Amino acid sequence: MSEKSPRLRAELEGIPTYKPGKPAAADGPVAYKLSSNENPYPPLPGVMESALAAAGSFNRYPDMACTALMSELADRFGVPVSHIATGTGSVGVAQQLLQATSGPGDEVIYAWRSFEAYPIITQVSGATSVRVPLTEGEVHDLDAMADAITDRTRLIFVCNPNNPTGTVVRRAELERFLDRVPSDVLVVLDEAYREFIRDPEVPDGIEIYRERPNVCVLRTFSKAYGLAGLRVGFAVAHEPVAAALRKTAVPFGVSQLAQDAAVASLRAEDELMGRVGSLVAERTRVVEALRGQGWTVPETQANFVWLRLGDRTTDFAAACERAGVVVRPFAGEGMRATIGETEANDVFLAAAEAFRKEL
């Protein structure tokens, strides 16, 4: 009898592999990891205590409804509990959105380059990616994205600030774009880096969602809140979309430790904003230093910077690693470096300056 492999879905062929940020070497010269947009600070006050308390009940399933966290989020953002859904990081919720809206024959629009998970989760759903190039200024081309809408479009991602370029879409252009989107197409405002925005013209997606039933907002506790290792994110959307997200969630996907740590983090917002303020100040210093060295750096409202390096990208990343810092290269395109602790940023800046002088 001939042996055959189990039949797998054809959509899985050729799916790009998600590339996590390279870790700092344990035994080499690399001392700092600026490749994953992680928060360099330890957990916020009260978070470790809540996590340790939750650890005592690992033999029990977590609260599948995330009751305490959902209530805390509803109070924090002034939205109904029924308009919230949680998941394993904002990327987990994004995948649930694809499951709920898109399948074979459907189209999903997003800017490119943008968050590298978008093509992966789109292809897994069986839908077709429609990638719209960024403008020369590394910003979403919303007019071109609106032009790309067809009767097969089911979902549009707008990453704001955009990962990996850090650039933003401002209120007037976003509202104009949303006016062009059919009401039966879901627009997902991916705001994983919302807390780092200082541009007053960039709207809070949750304010946009209130008036638009086809807008969903993604947020995460991985970045500003520093809970990247616990995998907890959430969406704010009107009832039909939020209910669909709860239906597509992996049962018990968000651990009790993550839920309790997220609640404690929300209650430590004063400390959070102080830390974010320090990172924003470092961001300004790094951008100004890079521009002073002669680099072209897009205006960033996230906790990272982007350099368009083309075919020099991998060489630049290798030079940084030799200097003692790991960055995130996108081969043939550019490099993203997280704003970390001052010492890490100094190593990165020195490596960038040395590389620039060799050009």
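A quick note: this is a predicted structure, and the numbers were derived from the prediction, not measured. Worth knowing before you read on, the calculation uses all heavy atoms, side chains too, and leaves out hydrogens, waters and symmetry mates. The first residue in the sequence is number 1, and the count goes up from there.
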Open item on the list: Keeping Asn345 on the side-chain end and Gly340 on the backbone end, is there a donor-acceptor pair under 3.5 Å?
Closed with: yes
Task: Side-chain donor or acceptor of Thr338 paired with backbone N/O of Asn37 under 3.5 Å - done: yes
Open item on the list: Other residues, nucleotides and ligands only: do more than 12 of their heavy atoms fall within 6.0 Å of CG on Asp179?
Closed with: yes
Open item on the list: Using side-chain heavy atoms (C-beta onward) and a distance below 4.5 Å, is Ser129 in contact with Val108?
Closed with: no
- [ ] Run the numbers on Glu107 and Arg154 for side-chain contact (heavy atoms from CB on, under 4.5 Å), then give the verdict.
- [x] CA-CA 6 Å; Glu107 294 177 346; Arg154 296 292 175 269; over 6 Å; no
- [ ] Check whether any side-chain heavy atom of Val276 sits under 4.5 Å from a side-chain heavy atom of Arg198, and report yes or no.
- [x] yes
- [ ] Hey, can you tell me if Tyr110 and Tyr118 have their rings parallel, tilted or perpendicular (30° and 60° cut-offs)?
- [x] tilted
Open item on the list: Keeping Ser71 on the side-chain end and Thr67 on the backbone end, is there a donor-acceptor pair under 3.5 Å?
Closed with: no
TODO: Verify the cluster assignment for Phe316 and Val297: are they in a single hydrophobic cluster under the rule of side-chain heavy atoms below 4.5 Å apart?
DONE: yes
Open item on the list: Let's go through Tyr41 and Leu279 carefully: what are the C-alpha distance in whole Å and the side-chain angles of both, what is the deciding distance for side-chain contact (heavy atoms from CB on, under 4.5 Å) to 0.1 Å, and is it a yes or a no?
Closed with: CA-CA 10 Å; Tyr41 291 101; Leu279 289 172; 3.9 Å; yes
Task: Met48 CE: over 12 foreign heavy atoms closer than 6.0 Å - done: no
Task: side-chain contact (heavy atoms from CB on, under 4.5 Å) partner of Glu138, the single match among Thr296, Thr167, Asn162 - done: Thr167
TODO: Decide yes or no for Glu195 and Lys223: does some side-chain heavy atom of the first lie under 4.5 Å from some side-chain heavy atom of the second?
DONE: no
Task: Partner of Arg170 under salt bridge (Lys or Arg N to Asp or Glu O under 4.0 Å), chosen from Glu175, Glu299, Glu201 - done: Glu299
Task: Point-to-point distance, once rounded to the nearest 0.5 Å, from OG1 of Thr220 to CG of Leu227 - done: 8.5 Å
Indicate every side-chain donor-acceptor pair of residues 232-253 with a distance under 3.5 Å to a residue at least two apart or in another chain.
residue : atom : partner : partner atom : Å
His238  : NE2  : Tyr209  : O            : 2.7
Glu239  : OE1  : Ser82   : OG           : 3.1
Glu239  : OE2  : Arg246  : NH2          : 3.4
Arg246  : NH1  : Ser82   : O            : 3.2
Arg246  : NH1  : Ile84   : O            : 2.8
Arg246  : NH2  : Ser82   : O            : 3.4
Thr248  : OG1  : Ala244  : O            : 3.1
Thr248  : OG1  : Leu245  : O            : 3.2

Task: Minimal non-hydrogen separation, Pro45 against Glu271, with atom names - done: CD-CG, 3.5 Å
Open item on the list: With heavy-atom distances below 4.5 Å as the criterion, would you say the side chains of Ile197 and Pro161 are in contact?
Closed with: yes
TODO: Would you confirm whether Arg152, through its side chain, and Ile149, through its main-chain N or O, come within 3.5 Å as a donor-acceptor pair?
DONE: no
Task: CD on Gln293 to CZ on Phe355, rounded to 0.5 Å - done: 12.0 Å
TODO: Go through Leu218 and Leu97 one step at a time and tell me if the side-chain contact (heavy atoms from CB on, under 4.5 Å) criterion holds.
DONE: CA-CA 10 Å; Leu218 292 184; Leu97 285 166; 4.0 Å; yes
- [ ] May I ask you to test the Asn39-Tyr225 pair for a side-chain heavy-atom distance under 4.5 Å?
- [x] no
Open item on the list: What verdict does the side-chain contact (heavy atoms from CB on, under 4.5 Å) test give for Asp106 and Thr101, after you've listed the backbone C-alpha separation in whole Å, the side-chain angles of each residue and the deciding distance to 0.1 Å?
Closed with: CA-CA 9 Å; Asp106 298 329; Thr101 62; over 6 Å; no
Task: Distance-only side-chain donor-acceptor flag, Gln256 / Ser57, under 3.5 Å - done: no
- [ ] Without swapping roles, check the side chain of Gln301 against the backbone of Asp199 for a donor-acceptor pair under 3.5 Å.
- [x] yes
Open item on the list: How long is the straight-line distance from CE of Met145 back to CZ of Phe177, given to the nearest 0.5 Å?
Closed with: 5.0 Å
Task: Rounded distance (nearest 0.5 Å) linking atom CZ of Arg328 with atom CG of Leu34 - done: 13.5 Å
- [ ] Using distance alone, with no hydrogens and no angle criterion, decide if Thr165 and Arg336 have a side-chain donor and acceptor under 3.5 Å apart.
- [x] no
Task: Hydrophobic cluster identity match, Val287 and Leu307, side-chain contacts under 4.5 Å - done: yes
TODO: Flag the pair Leu349 / Leu290 as yes when at least one side-chain heavy-atom distance between them is below 4.5 Å, and no otherwise.
DONE: yes
- [ ] Might you point out which heavy atoms bring Val130 and Ala148 nearest each other, and give the distance in Å?
- [x] CG1-CB, 4.1 Å
Open item on the list: Within the structure provided, determine whether His140 and Glu173 are in side-chain contact (heavy-atom separation under 4.5 Å).
Closed with: no
Task: All side-chain contact (heavy atoms from CB on, under 4.5 Å) counterparts of Val185, not counting sequence neighbours - done: Thr153, Ile156, Val181, Pro182
Task: Closest approach of Pro164 to Phe330 (non-hydrogen atoms, all atoms of both residues) - done: CB-CE1, 3.9 Å
Task: Pairwise distance CD(Glu72) to CD(Gln259) - rounded to 0.5 angstrom - done: 12.5 Å
Open item on the list: Minimum heavy-atom separation for Ser50 and Val47, please, with both atom names.
Closed with: OG-O, 2.8 Å
Open item on the list: Are Ile109 and Val169 connected into the same hydrophobic cluster when the rule is that any two of I, L, V, M, F, W, Y join if their side-chain heavy atoms are below 4.5 Å apart?
Closed with: yes
Task: Shared hydrophobic cluster for Ile339 and Trp306 (ILVMFWY, side-chain gaps under 4.5 Å) - done: no
- [ ] Return yes if some donor-acceptor pair links the side-chain N/O of Arg176 with the main-chain N/O of Asp143 below 3.5 Å, else return no.
- [x] no
TODO: Kindly give the heavy-atom pair with the smallest separation between Ala261 and Leu230, and that separation in Å.
DONE: CB-CD1, 3.6 Å
Task: Contacts of Arg285 that satisfy side-chain hydrogen bond (donor to acceptor under 3.5 Å, both in side chains) - sequence neighbours left out - done: Glu282, Asp346
Task: Backbone N/O of Gly46 and side chain of Glu49: donor-acceptor pair under 3.5 Å - done: yes
Open item on the list: Is there a path of hydrophobic side-chain contacts, each under 4.5 Å between heavy atoms, that joins Val305 and Leu134?
Closed with: no
Task: Gap between atom CG of Asn303 and atom CZ of Phe196 - 0.5 Å precision - done: 4.0 Å
Task: Sub-4.5 Å side-chain heavy-atom contact between Phe348 and Val286 - done: yes
- [ ] May I ask you to decide if Asp204's main-chain N or O and Glu207's side chain share a donor-acceptor pair within less than 3.5 Å?
- [x] no
Task: Arg231 side chain vs Gly92 backbone, donor-acceptor pair below 3.5 Å - done: no
Task: Thr135 side-chain N/O to Gly137 backbone N/O, donor-acceptor pair under 3.5 Å - done: yes
Open item on the list: Quick check: closest heavy atoms across Val347 and Ala323, and the distance to 0.1 Å?
Closed with: CG1-O, 3.5 Å
